[in-house]
Amino acid sequence: MPEPATVTTEQPFDVPAERRPRHVAVIMDGNGRWAQRRNLPRIEGHRRGVNSVRNTVEEAARLHLAQLTLFCLSSENWKRPQRELDFLMHLLEQYMIEERSTILKQNIVVSIIGRRDGIPAATLREMDETVRLSAANNGTRLCLAINYGSRGEIVDATRAIAQQVKDGLLSPEQIDEKTISDNLYTQNMPDPDLLIRTAGEMRISNFLLWQISYAELWVTERCWPEFEIADLHQAIRDFAGRDRRFGGLSQI
Ligand code: IPE
Ligand code: MG
């Protein structure tokens, strides 16, 4: 059980700890649409989206969730204009610097999943520094998916397993579901229990395909910059009301 975080809240929360998801994953979408609807440049949407990240991370720690995973940049997002990508990298770097002290105070452990190539050295440096400094914490785990794609992750895992077979460390018959899990970027992490997606789209977009096998899905029409603590609470409330059977029969 993570250590209590130091933040206090203004909003009471009515779902008891044992009914809360252990791991919440979020597809943060709709920054561009939020901005365009207001006649603002897309990057304004990203800038505002950082506030939602900050609030969601702090609330996850306050609720003692074991893990929060945020889809920050997909391996497909490189198709965007260079100016937008540069701004996203800048925001990421700033977030790593500005939130460091809060992350440390709130006992949050940061990890990053995704491929490092394409990310500027300065951004990588700040990411690595936050990961390093937070490693001594033992509270809520914040996993940031950056240049992440689930199919690429499965390819990397397959290569690693094939290499182990080639090296004689593993036989094909020994490969089971745990072997796959243990070779994904998410090794040692629990699977998400709840997957939240903002901006209304009903798709998974190459996010944690293996890991979300039994996650409960929760989609809101609200764009990511509009996502509030009250929305996180509602998602968790709805999750607590669902009957998870994992292919078995209802316990109720
Ligand atoms: C999500 O918002 C943020 C990132 C993918 C970095 P989008 O930028 O995808 O916003 P829309 O989908 O264009 O509205
Ligand atoms: Mg989008």
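Values below: all heavy atoms of this structure, side chains included; hydrogens, waters and symmetry mates excluded. Counting starts at 1 for both ligands and their atoms, following the listed order. The first residue in the sequence is number 1, and the count goes up from there.
Sorted by chain and number, the residues within 4.0 Å of ligand 1 by heavy atom are M28, D29, G30, N31, G32, R33, R42, H46, C72, N77, R80, L88.
Under the side chain to side chain contact (heavy atoms under 4.5 Å, CB included) criterion, S171 pairs with E173, Q174, not counting sequence neighbours. F227 meets the ring pair (Phe, Tyr, Trp, His ring centres under 6.0 Å) test with W224; sequence neighbours excluded.
With hydrogens and angles left out, the side-chain atoms of T179 and D176 include a donor and acceptor closer than 3.5 Å.
Put simply, the side chain of H23 gets close to the backbone of P190: a donor and an acceptor are under 3.5 Å apart.
Coordination check, D29 versus the Mg ion (ligand 2): passed, since an N/O/S atom of the residue sits under 2.8 Å.
Each salt bridge (Lys or Arg N to Asp or Glu O under 4.0 Å) pair with one or both residues in residues 199-208, not counting sequence neighbours, appears once here: R33-E201, E201-R203.
Put simply, CD on E58 and OG1 on T140 are 11.5 Å apart, with the number rounded to the nearest 0.5 Å.
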